[in-house]
K.L.:
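Provided herewith is a single structure, encoded as structure tokens, for subsequent inquiry.
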Amino acid sequence: MNLKGKNVLVTGIASNRSISYAIAKILHENDANVIVSYQNDRLKDRVMKLLDELNINTNAYECDLSSDEGISTLKNNISTDHGNLDGIIHSAAFAPRDHLTGKYLDNVTRDGFVTAHDVSSYSFTALAKAFKDNLNEAASLVTLSYIGSNKVVQNYNVMGIAKASLESSVLYLADSLGDRRIRVNAVSAGPIKTLAAAGINGFNKILDVYQERSPIKDNISTEDVAKVVYFLLSDYSCAVTGQTIYVDNGFNIIGY
Ligand code: NAD
């Protein structure tokens with residue numbers, strides 16, 4: 001299904017390996033109006049270059065998703081430049097690097113816990129809250145999660161707890177917005193070597209384990225994830241909301 005003329009905000013592009021890069025690509029290829037925000041000034045030139053590479057001819061907006069003021073400015077600017085949104089892709093996460101190694105209890109701190117939850121979970125709710133009245137009927141909100149939310153993944157630690165919070169917020173946001181047929185879902189992706197993933201100690205080993213143990217014996221690509229996100233933005237998923245959908249070659253079904 002074509003998304004011609006649909007306004008979709010894509011957050012979280014940092015490199016051509018970013019999951020949101022592949023999402024922006026598939027959206028653009030299917031005629032959506034891709035609107036991009038990036039974290040900070042340091043990323044600006046890189047993001048503009050990537051958009052150029054994708055032939056996406058648009059201005060991009062700087063927005064630190066841990067700032068309500070930043071999100072409010074983003075909403076005002078997008079509203080003026082593009083009108084209402086039909087979709088929001090939340091593809092951002094952060095936890096201090098020293099929290100993504102060793103045993104959870106040994107390395108967690110109050111500050112690290114709060115930061116991980118603020119950037120990786122609350123920012124999705126903050127976007128929904130800010131854009132609530134600037135969403136068209138039947139808009140679709142999608143966030144990215146990981147299996148570390150409900151199973152122990154060594155070194156993922158506080159990020160797993162933040163992803164559990166994120167997945168739970170998907171339920172409550174779906175309930176909050178459903179009366180306007182607005183849908184809210186998460187895609188739980190298998191491991192992909194991106195900048196964010198590189199911060200997790202022992203990440204390469206996770207890639208090997210997935211390839212070995214998943215029913216489909218392969219690793220996941222950003223395109224695999226982007227296709228499901230596309231489905232969730234399209235009308236083909238009009239009755240799907242409040243879900244966390246795994247795109248992981250089936251890894252999550254395997255016990256022993
Ligand atoms: P990535 O490093 O390419 O993207 C992460 C993005 O988060 C970056 O663009 C970064 O700028 C942004 N970000 C961090 N803090 C921010 C802030 N305060 N404000 C705005 N943006 C901020 O990595 P990715 O793997 O594409 O990550 C995208 C999402 O996918 C994340 O939520 C991640 O947890 C999730 N995910 C990744 C994997 C994986 O293995 N790569 C698996 C499952 C889920």
Side-chain angles (χ1 to χ4, degrees), residues 9-25 36-44 46-47 50-51 60-71 73-74 88-97 99-100 114-124 126-127 130 142-151 153 155-167 169-170 186-211 219-226 228-229 244-249 251-252:
L9 169 63
V10 178
T11 66
I13 298 180
S15 78
N16 61 2
R17 291 181 173 200
S18 294
I19 294 173
S20 50
Y21 176 88
I23 295 170
K25 181 167 187 289
V36 166
S37 78
Y38 55 90
Q39 182 182 357
N40 55 37
D41 195 48
R42 268 186 302 131
L43 283 173
K44 183 176 182 180
R46 200 191 310 169
V47 169
L50 292 168
L51 292 180
Y61 304 91
E62 183 179 325
C63 180
D64 183 334
L65 294 173
S66 65
S67 156
D68 282 337
E69 201 189 327
I71 293 175
T73 304
L74 177 72
I88 298 179
I89 309 300
H90 173 264
S91 186
F94 176 79
R97 205 177 174 116
H99 283 53
L100 301 174
V114 169
T115 300
H117 282 71
D118 187 21
V119 179
S120 315
S121 176
Y122 184 70
S123 60
F124 186 46
L127 279 171
V142 182
T143 186
L144 273 303
S145 195
Y146 182 58
I147 197 173
S149 64
N150 58 75
K151 297 274 192 299
V153 174
N155 301 319
Y156 201 61
N157 299 346
V158 73
M159 189 56 87
I161 300 163
K163 290 297 192 192
S165 157
L166 177 68
E167 287 178 23
S169 68
V170 164
V187 169
S188 182
I192 303 168
K193 203 162 182 172
T194 60
L195 291 172
I200 303 161
N201 191 22
F203 184 79
N204 285 343
K205 204 165 151 201
I206 303 182
L207 291 176
D208 293 343
V209 170
Y210 267 71
Q211 204 154 19
N219 276 128
I220 311 298
S221 69
T222 54
E223 289 76 20
D224 296 335
V225 179
V228 176
V229 171
T244 294
I245 298 177
Y246 282 86
V247 181
D248 67 345
N249 284 334
F251 180 85
N252 73 92

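Atom set for the values below is all heavy atoms of this structure, side chains included, hydrogens, waters and symmetry mates excluded. If you read the sequence from its start, that first residue is 1, and numbering goes on from there. First listed ligand is number 1; within each ligand, the first listed atom is number 1.
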K.L.:
Can you give me the closest heavy-atom contact between Leu100 and Ala95, atom names plus distance?
P.N.:
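Closest approach of Leu100 to Ala95: CD1-O, 4.0 Å.
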K.L.:
Would you say ligand 1 has an N or O under 3.5 Å from any N or O of Ile19?
P.N.:
yes
K.L.:
Heavy-atom contacts with Leu144 under 4.0 Å: which atoms of ligand 1 show up? List them by number with element.
P.N.:
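Heavy-atom distances to Leu144 below 4.0 Å select 29 (C), 30 (O), 32 (O), 35 (C).
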K.L.:
Under the side-chain contact (heavy atoms from CB on, under 4.5 Å) rule, what do Asp248 and Ser188 come out as? Steps first, then yes or no, please.
P.N.:
CA-CA 7 Å; Asp248 67 345; Ser188 182; over 6 Å; no
K.L.:
Side chains of Val209 and Phe251: does their closest heavy-atom pair fall under 4.5 Å?
P.N.:
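Val209 vs Phe251: side chains touch.
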K.L.:
Mark up the atoms of ligand 1 that fall under 4.0 Å of a heavy atom belonging to Ala14, in ascending order.
P.N.:
8 (C), 9 (O)
K.L.:
Could you tell me how the ring of Phe124 sits relative to the ring of His90: parallel (under 30°), tilted (30 to 60°) or perpendicular (over 60°)?
P.N.:
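Plane angle between 30° and 60°, so tilted.
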K.L.:
Are the side chain of Lys163 and the backbone N or O of Asn150 linked by a donor-acceptor pair below 3.5 Å?
P.N.:
no
K.L.:
Using a 4.5 Å cut-off on heavy atoms from C-beta on, say whether the side chain of Ile19 contacts that of Val229.
P.N.:
no
K.L.:
Would you say Arg46's side chain and Ser15's backbone share a donor-acceptor pair under 3.5 angstrom?
P.N.:
no
K.L.:
Check the pair Ile192 / Ser221 against side-chain contact (heavy atoms from CB on, under 4.5 Å), numbers first and verdict last.
P.N.:
CA-CA 7 Å; Ile192 303 168; Ser221 69; over 6 Å; no
K.L.:
Going by distance only, is there an N or O of Pro191 that falls short of 3.5 Å from an N or O of ligand 1?
P.N.:
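There is no such contact.
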K.L.:
Regarding Asp118 and Thr115, do their side chains bring together a donor and an acceptor under 3.5 Å, going by distance alone?
P.N.:
no
K.L.:
Tell me whether Tyr21 reaches ligand 1 (any heavy atom closer than 4.0 angstrom to a ligand atom).
P.N.:
no
K.L.:
Kindly confirm or rule out an N or O of Tyr156 lying under 3.5 angstrom from an N or O of ligand 1.
P.N.:
no
K.L.:
For ligand 1, indicate whether the residue Ser123 contacts it via side chain, backbone, both or neither (heavy-atom separation under 4.0 Å).
P.N.:
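Looking at Ser123 and ligand 1, no heavy atom falls under 4.0 Å.
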K.L.:
I want to know if ligand 1 touches Ser18 in the polar sense, i.e. an N/O pair below 3.5 angstrom.
P.N.:
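Min N/O separation from ligand 1 is below 3.5 Å for Ser18.
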K.L.:
So which bit of Tyr210 gets within less than 4.0 Å of ligand 1, heavy atoms only: side chain, backbone, both or neither?
P.N.:
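Under 4.0 Å from ligand 1, Tyr210 contributes no heavy atoms.
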K.L.:
Among Ala196, Ala95, Ala93, which residue places a heavy atom closest to atom 2 (O) of ligand 1?
P.N.:
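Minimum heavy-atom distance to atom 2 (O) of ligand 1 goes to Ala196.
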K.L.:
For the 3.5 Å polar cut-off, considering only N or O atoms, please tell me whether Phe94 and ligand 1 meet it.
P.N.:
no
K.L.:
Would you sort out whether Ile13 and Tyr38 count as a side-chain contact (heavy atoms from CB on, under 4.5 Å), showing the intermediate values?
P.N.:
CA-CA 6 Å; Ile13 298 180; Tyr38 55 90; over 6 Å; no
K.L.:
Heavy-atom contact under 4.0 Å between Ser37 and ligand 1?
P.N.:
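No.
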K.L.:
Among protein heavy atoms, which lies nearest atom 7 (O) of ligand 1, and at what distance?
P.N.:
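Residue, atom and distance for the closest contact: Ala92 CA, 3.3 Å.
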K.L.:
Look at ligand 1 and say whether Ser91 reaches it with a heavy atom at a distance under 4.0 Å.
P.N.:
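In this structure, Ser91 qualifies as a contact of ligand 1 - some heavy atom is under 4.0 Å.
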K.L.:
For Ser91, does its backbone N or O pair with a side-chain atom of Thr11 as donor and acceptor, under 3.5 Å?
P.N.:
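Answer holds: yes.
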K.L.:
Hey, is Leu65 touching ligand 1 through its side chain, its backbone, both or neither, going by heavy atoms under 4.0 Å?
P.N.:
both
K.L.:
State the atoms of ligand 1, each with its element, that fall below the 4.0 Å cut-off from a heavy-atom position in Cys63.
P.N.:
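Atoms satisfying the 4.0 Å criterion: 19 (N), 20 (C).
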K.L.:
Any side-chain heavy atom of Leu50 within less than 4.5 Å of one from Tyr21?
P.N.:
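Result yes, sub-4.5 Å side-chain heavy-atom pair found.
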K.L.:
What protein heavy atom sits nearest atom 9 (O) of ligand 1, and how far away is it?
P.N.:
Gly12 O, 2.8 Å
K.L.:
Any N or O on Thr194 sitting closer than 3.5 Å to an N or O of ligand 1?
P.N.:
yes
K.L.:
Does an N or O anywhere in Ala189 fall below 3.5 Å from an N or O of ligand 1?
P.N.:
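No, no N or O pair falls under 3.5 Å.
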K.L.:
Checking contacts here: is it the side chain or the backbone of Leu43 that comes within 4.0 Å of ligand 1, counting heavy atoms only? Could be both or neither.
P.N.:
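Just the side chain.
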K.L.:
Using a 4.0 Å cut-off to any heavy atom of Leu195, which atoms of ligand 1 qualify?
P.N.:
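Every atom of ligand 1 under 4.0 Å from some heavy atom of Leu195: 2 (O).
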K.L.:
Just to be sure I read this right, does ligand 1 sit under 4.0 Å from the backbone of Ser120, its side chain, both, or neither, counting only heavy atoms?
P.N.:
neither
K.L.:
Which of the numbered atoms in ligand 1 are under 4.0 angstrom from any heavy atom belonging to Ile13?
P.N.:
9 (O)
K.L.:
Just to be sure I'm reading this right: ignoring hydrogens, which of Lys163, Met159, Arg42, Gln39 gets closest to atom 14 (C) of ligand 1? Compare them by their nearest heavy atoms.
P.N.:
Gln39
K.L.:
Which ligand 1 atoms does Gly190 reach within 4.0 Å, using its non-hydrogen atoms?
P.N.:
40 (O), 42 (C)
K.L.:
Before giving the answer on side-chain contact (heavy atoms from CB on, under 4.5 Å), spell out for Tyr156 and Ile147 the whole-Å C-alpha distance, their side-chain angles and the decisive distance to 0.1 Å.
P.N.:
CA-CA 10 Å; Tyr156 201 61; Ile147 197 173; over 6 Å; no
K.L.:
Does an N or O from Ser145, backbone or side chain, lie closer than 3.5 Å to an N or O of ligand 1?
P.N.:
no
K.L.:
State, to 0.1 Å, how close Phe203 and Pro191 come at their nearest heavy-atom pair, and which atoms those are.
P.N.:
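Minimum heavy-atom contact is CZ-CB, 3.5 Å.
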K.L.:
Kindly indicate whether the side chain of Ile161, heavy atoms from C-beta on, has any atom under 4.5 Å from the side chain of His117.
P.N.:
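Ile161 vs His117: side chains touch.
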K.L.:
Measure from the side-chain N and O atoms of Asp64 to the backbone N and O of Ser66, and report whether any donor-acceptor pair falls under 3.5 Å.
P.N.:
yes
K.L.:
By number and element, which atoms of ligand 1 are closer than 4.0 Å to a non-hydrogen atom of Asp64?
P.N.:
17 (C), 18 (N), 19 (N)
K.L.:
Under 4.0 Å from a heavy atom of Ile192: which atoms of ligand 1 are those, numbered in the order shown and with their elements?
P.N.:
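Every atom of ligand 1 under 4.0 Å from some heavy atom of Ile192: 39 (C), 40 (O), 41 (N).
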